[in-house]
Amino acid sequence: MFDIKWIRDHPEDFDNALKERGVEPISTSVLELDEKKRKNQTELQTLQNDRNTKSKDIGRLKSQGESADDLMREVADIKNKMTSLEGEVESLGVQLKSMLASLPNILSDDVPSGKSEEDNVEIRSWGEASSLSFDAKEHYELGEALGLMDFERAAKLSGSRFVVLQGGLARLDRALTQFMLDTHTSEFGYLETQPPFLVRDHVLFGTGQLPKFSEDLYKTAEDQWLIPTAEVPLTNLHSDEIIDADNLPLRFTAYTPCFRSEAGAAGRDTKGMLRQHQFMKVELVSIVKQEDGEAEHERMTKAAETILQRLEIPYRVMLLCSGDTGFSAKKTYDIEAWLPGQGEYREISSCSYCGDFQARRMKMRYREKDQKQTIYAHTLNGSGLALGRTLIAVMENYQQEDGSILVPEVLKPYMGGLDKICAS
RNA sequence: GGAGAGAUGGCAGAGCGGUUGAAUGCACUGGUCUUGAAAACCAGCAAGGGUGCAAGCCCUUCGAGGGUUCGAAUCCCUCUCUCUCCGCCA
(Lines give C-alpha, C1' and ligand atoms only; values in the text may rest on other atoms or scores of the structure.)
Protein backbone atom coordinates (compact mmCIF):
# COMPACT_ATOMS: atom_id res chain seq x y z
CA MET A 1 0.00 0.00 0.00
CA PHE A 2 1.24 3.47 -0.79
CA ASP A 3 1.26 6.87 0.79
CA ILE A 4 -1.23 8.83 -1.28
CA LYS A 5 0.51 12.04 -0.32
CA TRP A 6 3.74 10.74 -1.78
CA ILE A 7 1.96 9.85 -5.01
CA ARG A 8 0.52 13.37 -5.17
CA ASP A 9 3.99 14.83 -4.90
CA HIS A 10 5.80 12.32 -7.12
CA PRO A 11 3.36 10.99 -9.73
CA GLU A 12 6.06 10.37 -12.31
CA ASP A 13 8.38 8.56 -9.92
CA PHE A 14 5.42 6.43 -8.94
CA ASP A 15 4.60 5.46 -12.52
CA ASN A 16 8.21 4.82 -13.41
CA ALA A 17 8.70 2.62 -10.37
CA LEU A 18 5.66 0.53 -11.19
CA LYS A 19 6.71 0.26 -14.81
CA GLU A 20 9.55 -1.98 -13.60
CA ARG A 21 6.77 -4.24 -12.34
CA GLY A 22 4.99 -4.23 -15.66
CA VAL A 23 2.18 -2.05 -14.33
CA GLU A 24 0.75 0.52 -16.74
CA PRO A 25 0.97 4.18 -15.63
CA ILE A 26 -1.81 4.69 -13.15
CA SER A 27 -1.01 7.87 -11.25
CA THR A 28 -3.37 9.97 -13.36
CA SER A 29 -6.41 7.89 -12.54
CA VAL A 30 -5.33 7.50 -8.91
CA LEU A 31 -4.90 11.23 -8.46
CA GLU A 32 -8.12 11.97 -10.28
CA LEU A 33 -9.99 9.75 -7.85
CA ASP A 34 -8.08 11.21 -4.94
CA GLU A 35 -8.86 14.76 -5.93
CA LYS A 36 -12.51 14.02 -6.51
CA LYS A 37 -12.74 12.29 -3.18
CA ARG A 38 -11.09 15.13 -1.30
CA LYS A 39 -13.27 17.72 -2.98
CA ASN A 40 -16.40 15.86 -1.96
CA GLN A 41 -14.98 15.17 1.47
CA THR A 42 -14.27 18.83 2.13
CA GLU A 43 -17.76 19.72 1.03
CA LEU A 44 -19.23 16.98 3.20
CA GLN A 45 -17.23 18.11 6.21
CA THR A 46 -18.50 21.64 5.83
CA LEU A 47 -22.04 20.31 5.93
CA GLN A 48 -21.23 18.08 8.90
CA ASN A 49 -19.82 21.06 10.73
CA ASP A 50 -22.93 23.03 9.98
CA ARG A 51 -25.15 20.21 11.17
CA ASN A 52 -23.16 19.77 14.37
CA THR A 53 -23.31 23.45 15.34
CA LYS A 54 -26.99 23.72 14.56
CA SER A 55 -27.77 20.56 16.49
CA LYS A 56 -26.00 21.96 19.49
CA ASP A 57 -27.99 25.16 19.11
CA ILE A 58 -31.17 23.12 19.08
CA GLY A 59 -30.15 21.48 22.30
CA ARG A 60 -29.46 24.83 23.87
CA LEU A 61 -32.79 26.30 22.78
CA LYS A 62 -34.75 23.28 23.94
CA SER A 63 -33.10 23.27 27.33
CA GLN A 64 -34.27 26.87 27.67
CA GLY A 65 -37.77 25.80 26.69
CA GLU A 66 -37.72 27.70 23.41
CA SER A 67 -38.87 26.51 20.02
CA ALA A 68 -36.24 25.16 17.64
CA ASP A 69 -38.49 24.27 14.72
CA ASP A 70 -36.74 26.54 12.22
CA LEU A 71 -33.34 25.16 13.04
CA MET A 72 -34.62 21.61 12.87
CA ARG A 73 -35.94 22.27 9.38
CA GLU A 74 -32.56 23.65 8.36
CA VAL A 75 -30.76 20.61 9.69
CA ALA A 76 -33.16 18.35 7.81
CA ASP A 77 -32.18 20.21 4.64
CA ILE A 78 -28.51 19.80 5.37
CA LYS A 79 -29.04 16.13 5.97
CA ASN A 80 -30.63 15.72 2.58
CA LYS A 81 -27.65 17.27 0.91
CA MET A 82 -25.32 15.10 2.93
CA THR A 83 -26.79 11.76 1.94
CA SER A 84 -25.60 11.70 -1.66
CA LEU A 85 -22.24 13.22 -0.76
CA GLU A 86 -21.69 10.59 1.89
CA GLY A 87 -22.32 7.85 -0.63
CA GLU A 88 -20.00 9.51 -3.08
CA VAL A 89 -17.14 9.93 -0.61
CA GLU A 90 -17.54 6.37 0.59
CA SER A 91 -17.56 4.89 -2.88
CA LEU A 92 -14.63 6.98 -4.08
CA GLY A 93 -12.70 5.93 -0.98
CA VAL A 94 -13.39 2.26 -1.67
CA GLN A 95 -12.39 2.63 -5.31
CA LEU A 96 -9.18 4.38 -4.36
CA LYS A 97 -8.33 1.82 -1.74
CA SER A 98 -8.96 -1.15 -3.98
CA MET A 99 -6.90 0.46 -6.73
CA LEU A 100 -3.97 0.99 -4.37
CA ALA A 101 -4.37 -2.36 -2.62
CA SER A 102 -3.81 -4.30 -5.83
CA LEU A 103 -0.55 -2.56 -6.73
CA PRO A 104 2.74 -4.33 -5.94
CA ASN A 105 5.47 -2.74 -3.87
CA ILE A 106 8.02 -0.43 -5.45
CA LEU A 107 11.35 -2.13 -5.97
CA SER A 108 14.63 -1.02 -4.47
CA ASP A 109 17.00 0.80 -6.81
CA ASP A 110 19.47 -2.06 -6.86
CA VAL A 111 16.98 -4.67 -8.06
CA PRO A 112 18.03 -5.74 -11.58
CA SER A 113 15.50 -5.49 -14.39
CA GLY A 114 14.33 -8.77 -15.81
CA LYS A 115 11.42 -10.95 -16.76
CA SER A 116 11.94 -14.28 -15.06
CA GLU A 117 14.27 -16.22 -12.82
CA GLU A 118 16.68 -16.38 -15.75
CA ASP A 119 17.52 -12.75 -15.04
CA ASN A 120 18.28 -13.13 -11.35
CA VAL A 121 21.80 -12.16 -10.36
CA GLU A 122 24.17 -14.29 -8.33
CA ILE A 123 25.52 -12.31 -5.39
CA ARG A 124 27.79 -14.91 -3.83
CA SER A 125 28.17 -18.62 -3.47
CA TRP A 126 29.47 -20.89 -0.76
CA GLY A 127 30.94 -24.36 -1.06
CA GLU A 128 31.65 -26.44 -4.11
CA ALA A 129 28.78 -27.39 -6.42
CA SER A 130 30.43 -30.65 -7.37
CA SER A 131 29.05 -33.94 -8.53
CA LEU A 132 29.63 -37.03 -6.41
CA SER A 133 32.12 -39.76 -7.19
CA PHE A 134 29.25 -42.07 -8.10
CA ASP A 135 25.96 -41.66 -9.88
CA ALA A 136 24.01 -39.39 -7.57
CA LYS A 137 20.32 -40.10 -7.05
CA GLU A 138 17.47 -37.69 -6.56
CA HIS A 139 15.85 -37.44 -3.15
CA TYR A 140 12.71 -39.39 -4.03
CA GLU A 141 14.69 -42.27 -5.43
CA LEU A 142 16.71 -42.38 -2.23
CA GLY A 143 13.71 -41.97 0.03
CA GLU A 144 11.59 -44.58 -1.64
CA ALA A 145 14.46 -47.05 -1.75
CA LEU A 146 14.96 -46.52 1.97
CA GLY A 147 11.27 -47.23 2.47
CA LEU A 148 10.92 -44.02 4.47
CA MET A 149 9.32 -41.70 1.93
CA ASP A 150 5.92 -42.76 0.65
CA PHE A 151 4.16 -40.79 -2.07
CA GLU A 152 1.60 -43.42 -3.00
CA ARG A 153 0.09 -43.77 0.42
CA ALA A 154 0.16 -40.00 0.84
CA ALA A 155 -1.85 -39.74 -2.38
CA LYS A 156 -4.28 -42.32 -1.05
CA LEU A 157 -4.87 -40.13 2.00
CA SER A 158 -4.78 -36.69 0.46
CA GLY A 159 -4.22 -36.64 -3.28
CA SER A 160 -1.22 -35.40 -5.21
CA ARG A 161 1.56 -33.24 -3.80
CA PHE A 162 1.68 -34.84 -0.38
CA VAL A 163 4.23 -37.13 1.21
CA VAL A 164 4.57 -39.42 4.20
CA LEU A 165 7.94 -39.42 5.96
CA GLN A 166 8.89 -42.12 8.41
CA GLY A 167 11.69 -43.46 10.58
CA GLY A 168 15.10 -41.91 10.07
CA LEU A 169 13.86 -39.36 7.57
CA ALA A 170 11.11 -38.10 9.87
CA ARG A 171 13.68 -37.95 12.64
CA LEU A 172 16.12 -36.10 10.41
CA ASP A 173 13.41 -33.58 9.60
CA ARG A 174 12.78 -33.06 13.31
CA ALA A 175 16.51 -32.71 13.98
CA LEU A 176 16.76 -30.05 11.29
CA THR A 177 13.89 -28.18 12.86
CA GLN A 178 15.47 -28.21 16.30
CA PHE A 179 18.82 -27.16 14.92
CA MET A 180 17.32 -24.25 13.00
CA LEU A 181 15.23 -22.96 15.90
CA ASP A 182 18.12 -23.29 18.35
CA THR A 183 20.44 -21.38 16.06
CA HIS A 184 18.02 -18.55 15.31
CA THR A 185 16.95 -18.07 18.90
CA SER A 186 20.29 -18.37 20.64
CA GLU A 187 22.60 -16.84 18.03
CA PHE A 188 20.45 -14.37 16.15
CA GLY A 189 18.02 -13.20 18.81
CA TYR A 190 14.76 -14.34 17.23
CA LEU A 191 11.93 -14.97 19.68
CA GLU A 192 10.49 -18.45 19.26
CA THR A 193 6.78 -18.11 18.58
CA GLN A 194 3.89 -20.48 17.99
CA PRO A 195 1.23 -18.58 16.07
CA PRO A 196 -2.18 -19.75 14.91
CA PHE A 197 -2.24 -21.55 11.55
CA LEU A 198 -5.71 -20.28 10.69
CA VAL A 199 -6.19 -16.57 10.17
CA ARG A 200 -8.79 -14.04 9.13
CA ASP A 201 -9.09 -12.04 5.92
CA HIS A 202 -7.56 -8.84 7.20
CA VAL A 203 -4.41 -10.64 8.33
CA LEU A 204 -3.75 -11.86 4.79
CA PHE A 205 -4.55 -8.41 3.49
CA GLY A 206 -1.91 -7.04 5.83
CA THR A 207 0.92 -9.10 4.38
CA GLY A 208 -0.36 -8.74 0.81
CA GLN A 209 -1.75 -12.20 -0.08
CA LEU A 210 -5.24 -10.72 -0.28
CA PRO A 211 -7.09 -9.44 -2.19
CA LYS A 212 -5.10 -10.52 -5.26
CA PHE A 213 -3.88 -14.03 -4.53
CA SER A 214 -6.79 -15.85 -2.90
CA GLU A 215 -6.57 -18.67 -5.45
CA ASP A 216 -3.21 -19.70 -3.96
CA LEU A 217 -4.74 -20.21 -0.53
CA TYR A 218 -6.96 -22.70 1.28
CA LYS A 219 -10.04 -21.46 3.08
CA THR A 220 -12.00 -23.27 5.77
CA ALA A 221 -15.75 -23.64 5.95
CA GLU A 222 -15.63 -21.13 8.82
CA ASP A 223 -14.05 -18.54 6.51
CA GLN A 224 -10.62 -18.68 8.06
CA TRP A 225 -7.60 -19.22 5.86
CA LEU A 226 -4.78 -21.72 6.29
CA ILE A 227 -1.53 -19.81 6.43
CA PRO A 228 0.70 -20.15 3.35
CA THR A 229 3.67 -19.13 5.50
CA ALA A 230 4.29 -18.08 9.10
CA GLU A 231 5.21 -14.67 7.73
CA VAL A 232 1.48 -13.97 7.78
CA PRO A 233 0.73 -14.37 11.51
CA LEU A 234 4.17 -13.23 12.67
CA THR A 235 4.22 -9.98 10.74
CA ASN A 236 0.67 -9.22 11.81
CA LEU A 237 1.36 -9.79 15.51
CA HIS A 238 1.64 -6.05 16.15
CA SER A 239 -0.76 -4.84 13.49
CA ASP A 240 -2.84 -1.82 14.40
CA GLU A 241 -0.41 -0.91 17.17
CA ILE A 242 2.00 1.89 17.88
CA ILE A 243 5.23 0.29 18.99
CA ASP A 244 7.66 2.00 21.31
CA ALA A 245 10.79 2.61 19.24
CA ASP A 246 12.86 1.32 22.15
CA ASN A 247 11.31 -2.10 21.60
CA LEU A 248 12.56 -2.36 18.02
CA PRO A 249 13.78 -4.40 16.34
CA LEU A 250 11.30 -7.20 16.97
CA ARG A 251 12.50 -10.55 15.70
CA PHE A 252 10.30 -13.65 15.58
CA THR A 253 10.89 -17.19 14.45
CA ALA A 254 8.24 -19.86 14.13
CA TYR A 255 8.06 -23.45 13.00
CA THR A 256 4.75 -23.96 11.25
CA PRO A 257 3.08 -25.88 8.48
CA CYS A 258 2.46 -23.91 5.29
CA PHE A 259 -0.48 -24.61 3.01
CA ARG A 260 -0.49 -23.69 -0.66
CA SER A 261 -2.94 -24.67 -3.32
CA GLU A 262 -0.21 -24.41 -5.98
CA ALA A 263 -2.84 -23.33 -8.47
CA GLY A 264 -1.05 -22.58 -11.69
CA ALA A 265 1.87 -24.86 -10.88
CA ALA A 266 0.35 -27.84 -12.68
CA GLY A 267 3.08 -29.98 -14.17
CA ARG A 268 5.89 -28.23 -12.31
CA ASP A 269 8.01 -30.27 -9.92
CA THR A 270 5.47 -33.05 -9.85
CA LYS A 271 8.05 -35.62 -8.82
CA GLY A 272 9.17 -35.82 -5.23
CA MET A 273 8.54 -33.46 -2.38
CA LEU A 274 9.91 -30.25 -3.84
CA ARG A 275 6.51 -28.65 -4.29
CA GLN A 276 3.79 -29.78 -1.91
CA HIS A 277 0.41 -28.53 -0.77
CA GLN A 278 1.65 -28.77 2.78
CA PHE A 279 5.17 -28.32 4.08
CA MET A 280 6.91 -27.30 7.27
CA LYS A 281 9.04 -24.21 7.50
CA VAL A 282 11.04 -22.31 10.06
CA GLU A 283 10.29 -18.68 9.33
CA LEU A 284 12.09 -15.49 10.33
CA VAL A 285 10.32 -12.15 10.64
CA SER A 286 11.81 -8.80 11.64
CA ILE A 287 10.03 -5.56 12.41
CA VAL A 288 12.45 -2.64 12.39
CA LYS A 289 12.79 1.12 12.20
CA GLN A 290 12.76 2.57 8.73
CA GLU A 291 16.48 3.34 8.75
CA ASP A 292 17.39 -0.22 9.76
CA GLY A 293 15.58 -2.15 7.04
CA GLU A 294 18.40 -2.74 4.61
CA ALA A 295 20.94 -3.78 7.23
CA GLU A 296 18.38 -6.13 8.72
CA HIS A 297 17.86 -7.69 5.31
CA GLU A 298 21.53 -8.60 5.10
CA ARG A 299 21.53 -9.83 8.67
CA MET A 300 18.51 -12.04 8.10
CA THR A 301 19.95 -13.52 4.93
CA LYS A 302 23.16 -14.31 6.82
CA ALA A 303 21.14 -16.07 9.51
CA ALA A 304 19.54 -18.30 6.89
CA GLU A 305 22.88 -18.91 5.19
CA THR A 306 24.40 -19.92 8.50
CA ILE A 307 22.11 -22.93 8.61
CA LEU A 308 23.38 -24.22 5.26
CA GLN A 309 26.99 -23.50 6.15
CA ARG A 310 26.73 -25.48 9.36
CA LEU A 311 25.11 -28.30 7.41
CA GLU A 312 27.95 -27.97 4.90
CA ILE A 313 25.60 -27.76 1.97
CA PRO A 314 26.83 -25.68 -1.00
CA TYR A 315 24.58 -22.81 -1.98
CA ARG A 316 24.41 -19.53 -3.82
CA VAL A 317 22.60 -16.31 -3.02
CA MET A 318 20.56 -14.79 -5.84
CA LEU A 319 19.25 -11.25 -6.02
CA LEU A 320 15.85 -11.59 -7.66
CA CYS A 321 15.16 -9.49 -10.73
CA SER A 322 12.15 -7.22 -11.06
CA GLY A 323 10.01 -9.86 -12.74
CA ASP A 324 10.67 -12.50 -10.09
CA THR A 325 10.28 -10.37 -6.96
CA GLY A 326 7.10 -10.99 -4.99
CA PHE A 327 4.16 -8.61 -4.63
CA SER A 328 4.99 -7.17 -1.20
CA ALA A 329 8.78 -7.09 -1.49
CA LYS A 330 11.08 -4.22 -2.37
CA LYS A 331 13.98 -6.60 -2.71
CA THR A 332 14.44 -10.34 -2.30
CA TYR A 333 17.39 -12.68 -1.91
CA ASP A 334 16.80 -16.31 -2.72
CA ILE A 335 19.17 -18.84 -1.27
CA GLU A 336 19.54 -21.83 -3.55
CA ALA A 337 21.00 -25.08 -2.27
CA TRP A 338 23.00 -27.39 -4.45
CA LEU A 339 21.25 -30.66 -5.20
CA PRO A 340 23.73 -33.18 -6.64
CA GLY A 341 20.96 -35.61 -7.55
CA GLN A 342 19.21 -33.02 -9.67
CA GLY A 343 22.48 -31.41 -10.66
CA GLU A 344 20.94 -28.00 -9.99
CA TYR A 345 20.66 -25.24 -7.45
CA ARG A 346 17.15 -25.04 -6.02
CA GLU A 347 15.48 -22.39 -3.90
CA ILE A 348 15.54 -23.24 -0.22
CA SER A 349 14.98 -19.81 1.30
CA SER A 350 13.63 -16.48 0.26
CA CYS A 351 14.45 -13.36 2.28
CA SER A 352 12.44 -10.26 1.49
CA TYR A 353 12.59 -6.65 2.55
CA CYS A 354 9.15 -5.07 2.33
CA GLY A 355 9.80 -1.50 3.47
CA ASP A 356 6.63 0.00 4.93
CA PHE A 357 4.39 -1.68 2.35
CA GLN A 358 2.94 -4.28 4.71
CA ALA A 359 3.00 -1.99 7.74
CA ARG A 360 0.76 0.48 5.93
CA ARG A 361 -1.69 -2.25 5.06
CA MET A 362 -1.86 -3.43 8.67
CA LYS A 363 -1.42 -0.03 10.35
CA MET A 364 1.68 -0.98 12.28
CA ARG A 365 3.58 2.12 13.41
CA TYR A 366 6.23 3.02 15.90
CA ARG A 367 7.11 6.20 17.69
CA GLU A 368 10.47 7.58 18.72
CA LYS A 369 10.80 8.70 22.30
CA ASP A 370 9.51 12.25 22.82
CA GLN A 371 8.16 12.42 19.28
CA LYS A 372 4.53 12.95 18.51
CA GLN A 373 4.55 11.66 14.98
CA THR A 374 4.14 7.97 14.22
CA ILE A 375 6.18 6.18 11.58
CA TYR A 376 5.27 3.03 9.68
CA ALA A 377 7.56 0.16 10.65
CA HIS A 378 9.58 -1.73 8.08
CA THR A 379 9.05 -5.48 7.79
CA LEU A 380 11.17 -8.36 6.61
CA ASN A 381 10.59 -12.05 6.27
CA GLY A 382 12.71 -15.00 5.31
CA SER A 383 12.74 -18.76 5.43
CA GLY A 384 15.25 -20.07 7.83
CA LEU A 385 14.76 -22.60 6.18
CA ALA A 386 12.04 -24.56 4.41
CA LEU A 387 12.18 -27.99 6.07
CA GLY A 388 11.14 -30.23 3.19
CA ARG A 389 13.63 -28.74 0.81
CA THR A 390 16.40 -28.75 3.39
CA LEU A 391 15.73 -32.42 3.98
CA ILE A 392 16.07 -32.98 0.24
CA ALA A 393 19.35 -31.08 0.22
CA VAL A 394 20.75 -33.11 3.10
CA MET A 395 19.67 -36.37 1.47
CA GLU A 396 21.18 -35.58 -1.89
CA ASN A 397 24.41 -34.14 -0.50
CA TYR A 398 24.98 -36.81 2.15
CA GLN A 399 23.95 -39.83 0.11
CA GLN A 400 26.31 -42.79 -0.09
CA GLU A 401 26.80 -45.11 -3.00
CA ASP A 402 24.76 -47.81 -1.22
CA GLY A 403 21.77 -45.46 -0.91
CA SER A 404 22.22 -44.74 2.77
CA ILE A 405 22.42 -41.19 4.09
CA LEU A 406 25.01 -39.90 6.54
CA VAL A 407 23.82 -37.61 9.30
CA PRO A 408 25.50 -34.18 9.11
CA GLU A 409 27.84 -33.59 12.02
CA VAL A 410 25.86 -30.66 13.39
CA LEU A 411 22.64 -32.72 13.55
CA LYS A 412 24.11 -35.65 15.45
CA PRO A 413 23.23 -34.28 18.89
CA TYR A 414 19.60 -34.25 17.76
CA MET A 415 19.54 -37.76 16.27
CA GLY A 416 19.67 -39.89 19.40
CA GLY A 417 22.86 -41.71 18.40
CA LEU A 418 21.85 -42.37 14.81
CA ASP A 419 24.63 -41.31 12.43
CA LYS A 420 23.48 -42.97 9.25
CA ILE A 421 20.07 -43.60 7.78
CA CYS A 422 19.73 -47.00 6.14
CA ALA A 423 16.93 -49.04 4.61
CA SER A 424 14.51 -50.16 7.30
C1' G B 1 -22.85 -26.66 21.77
C1' G B 2 -26.30 -24.34 26.06
C1' A B 3 -27.04 -20.09 29.81
C1' G B 4 -25.46 -15.38 31.40
C1' A B 5 -22.19 -10.83 31.71
C1' G B 6 -19.29 -7.52 29.20
C1' A B 7 -16.12 -4.54 25.26
C1' U B 8 -14.70 3.39 26.64
C1' G B 9 -7.85 6.77 25.76
C1' G B 10 -0.93 3.34 27.44
C1' C B 11 -3.55 0.90 31.87
C1' A B 12 -7.61 1.16 35.48
C1' G B 13 -12.37 3.21 35.48
C1' A B 14 -16.94 7.08 35.29
C1' G B 15 -20.37 8.42 31.80
C1' C B 16 -29.81 11.14 32.95
C1' G B 17 -29.92 11.03 24.19
C1' G B 18 -27.86 17.62 24.09
C1' U B 19 -21.19 22.64 24.74
C1' U B 20 -18.45 14.67 26.51
C1' G B 21 -13.14 13.51 22.42
C1' A B 22 -14.93 11.85 26.77
C1' A B 23 -14.82 12.77 34.61
C1' U B 24 -11.28 10.56 37.99
C1' G B 25 -6.92 7.68 39.26
C1' C B 26 -2.27 5.50 37.65
C1' A B 27 1.58 5.75 34.11
C1' C B 28 4.26 9.14 31.00
C1' U B 29 6.43 14.29 29.63
C1' G B 30 7.72 19.38 31.07
C1' G B 31 8.02 22.90 35.14
C1' U B 32 8.23 24.70 40.50
C1' C B 33 10.59 23.13 44.96
C1' U B 34 15.38 20.33 46.42
C1' U B 35 22.70 19.83 47.03
C1' G B 36 20.43 15.51 44.30
C1' A B 37 16.31 12.29 44.44
C1' A B 38 11.52 11.20 46.43
C1' A B 39 7.13 13.58 47.93
C1' A B 40 4.06 17.71 47.00
C1' C B 41 2.18 21.31 43.64
C1' C B 42 1.33 23.35 38.46
C1' A B 43 0.90 22.17 33.28
C1' G B 44 0.72 18.83 29.13
C1' C B 45 -0.58 13.99 27.27
C1' A B 46 -5.50 9.51 21.56
C1' A B 47 -5.38 8.14 16.45
C1' G B 48 -6.56 8.96 11.43
C1' G B 49 -8.09 12.47 7.87
C1' G B 50 -9.58 17.37 5.35
C1' U B 51 -8.09 22.51 4.84
C1' G B 52 -4.40 26.35 5.19
C1' C B 53 2.23 29.43 3.70
C1' A B 54 1.56 29.06 8.83
C1' A B 55 -0.72 29.69 13.58
C1' G B 56 -4.88 27.33 13.43
C1' C B 57 -9.74 25.66 12.04
C1' C B 58 -12.70 21.50 10.83
C1' C B 59 -14.28 16.16 10.20
C1' U B 60 -14.28 11.04 11.81
C1' U B 61 -13.47 7.40 15.53
C1' C B 62 -15.89 5.11 22.74
C1' G B 63 -15.04 -3.55 19.67
C1' A B 64 -17.00 -3.70 13.98
C1' G B 65 -21.07 -2.73 10.63
C1' G B 66 -26.06 -1.01 10.00
C1' G B 67 -30.48 1.75 12.04
C1' U B 68 -33.59 5.44 15.07
C1' U B 69 -32.96 10.93 16.10
C1' C B 70 -32.34 17.85 14.73
C1' G B 71 -28.47 15.44 17.94
C1' A B 72 -25.87 8.68 19.92
C1' A B 73 -20.35 6.43 24.05
C1' U B 74 -25.54 6.51 25.77
C1' C B 75 -31.60 3.62 22.33
C1' C B 76 -32.45 -0.68 18.46
C1' C B 77 -30.47 -4.70 15.07
C1' U B 78 -26.44 -7.84 13.17
C1' C B 79 -21.52 -9.49 13.72
C1' U B 80 -16.73 -10.19 16.25
C1' C B 81 -14.15 -10.89 20.60
C1' U B 82 -13.54 -11.52 26.07
C1' C B 83 -15.16 -13.41 30.84
C1' U B 84 -18.29 -16.79 34.20
C1' C B 85 -21.18 -21.37 34.68
C1' C B 86 -22.70 -26.10 32.25
C1' G B 87 -21.55 -29.84 28.39
C1' C B 88 -17.69 -31.95 25.29
C1' C B 89 -12.54 -32.45 24.54
C1' A B 90 -6.19 -32.74 23.05
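Proteins get letters first, then strands, A, B, ... in listed order; numbering begins at 1 in each. Source: prediction; values computed, not measured.
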Q: Any strand is fair game: report the nucleotide pairing with B/A7 by Watson-Crick or G-U wobble, both distances under 3.5 Å, or none.
A: B/U80
Q | Residues A/Lys281 and A/Glu283 bridged, charged N to O under 4.0 Å | A | yes
Q) Given that both distances must come in under 3.5 Å, which nucleotide forms a Watson-Crick or G-U wobble pair with B/U69? A) none
Q) Which part of the nucleic acid, if any, lies within contact of A/Arg8, taking any heavy atom under 4.0 Å across all strands shown: a base, the sugar-phosphate backbone alone, or nothing? A) sugar-phosphate
**Q.** Distance between P atoms of B/U19 and B/A73 (Å, rounded)
**A.** 10 Å
(Q) Quick check: do A/Thr253 and A/Leu181 have side-chain heavy atoms less than 4.5 Å from each other? (A) yes
**Q.** B/A64 versus B/U8 - spacing of their P atoms, nearest Å
**A.** 10 Å
Q. Which part of the nucleic acid does A/Lys5 contact within heavy-atom distance under 4.0 Å: base, sugar-phosphate only, or nothing?
A. sugar-phosphate
Q | Identified pairing partner of B/U35, criterion: Watson-Crick or G-U wobble below 3.5 Å | A | none
Q: Quote, to the nearest angstrom, the C1' distance that separates B/A72 from B/G87.
A: 40 Å
Q: Using a heavy-atom cut-off of under 4.0 Å over every strand shown, decide if A/Ile242 touches base, sugar-phosphate, or nothing.
A: sugar-phosphate
Q) Do the rings of A/His378 and A/Tyr353 sit parallel, tilted or perpendicular, given the 30° and 60° boundaries? A) tilted
**Q.** First and last nucleotide of RNA chain B, 5' to 3', lying under 4.0 Å from heavy atoms of chain A
**A.** B/G18 to B/C81
Q.
When you compare the side chains of A/Tyr255 and A/Gln194, does any donor N or O come within less than 3.5 Å of an acceptor on the partner?
A. no
**Q.** Residue closer to the 5' end of RNA chain B, A/Gln48 versus A/Ile58 (nearest nucleotide)
**A.** A/Gln48
Q) Under 3.5 Å, is there a donor-acceptor pair between the side chain of A/Arg8 and the main chain of A/Leu31? A) no
Q: Can you tell me the pairing partner of B/A54 across any strand shown, Watson-Crick or G-U wobble, with both distances under 3.5 angstrom?
A: none
Q.
Roughly how many Å apart are B/G18 and B/U78, using the P atom of each and rounding to a whole number?
A. 26 Å
Q) Counting any heavy atom closer than 4.0 Å, what does A/Lys54 reach on the DNA or RNA strands: base, sugar-phosphate only, or nothing? A) nothing
Q | Nucleotide paired to B/U60 in any strand shown, Watson-Crick or G-U, under 3.5 Å | A | B/A47
Q: Measure the acute angle between the ring planes of A/Phe259 and A/Tyr218, then classify it against the limits of 30° and 60° as parallel, tilted or perpendicular.
A: perpendicular
Q.
Does the structure show a Watson-Crick or G-U wobble partner for B/C85, both distances under 3.5 Å? Name it, or say none.
A. B/G2
Q) Looking across every strand, which nucleic acid part, if any, lies under 4.0 Å from A/Thr46 by heavy atom: base, sugar-phosphate, or nothing? A) nothing
Q.
Taking only the C1' atom of each, what is the distance from B/G13 to B/G25 in whole angstrom?
A. 8 Å
Q: Before accepting this row, confirm whether a basic side-chain N of the pair A/Arg153/A/Asp150 lies closer than 4.0 Å to the acidic partner's carboxylate O.
A: yes
**Q.** Side-chain ion pair, A/Lys19 and A/Asp15, N-O less than 4.0 Å
**A.** no
(Q) Does A/Asp57 reach a base, just sugar-phosphate, or nothing at all? Heavy atoms under 4.0 Å. (A) nothing
Q) What integer number of Å spans the C1' atoms of B/U84 and B/U29? A) 40 Å
Q.
Tell me whether the rings of A/Phe188 and A/His184 are parallel (<30°), tilted (30 to 60°) or perpendicular (>60°).
A. tilted
Q) Considering only the C1' atoms, how many Å lie between B/G15 and B/C28, rounded to the nearest integer? A) 25 Å
(Q) Show me the pairs that pass side-chain hydrogen bond (donor to acceptor under 3.5 Å, both in side chains) and involve residues 76-103 of chain A, at least two apart or across chains. (A) A/Ser91-A/Gln95
Q. Can A/Lys54 and A/Glu74 be counted as an ion pair, charged N to O under 4.0 angstrom?
A. yes
Q | For RNA chain B, the residues among residues 69-83 of chain A that have a non-hydrogen atom under 4.0 Å from it | A | A/Met72, A/Val75, A/Lys79
Q. Rounding to the closest angstrom, what is the interatomic distance between B/A90 and B/G21 at atom C1'?
A. 47 Å
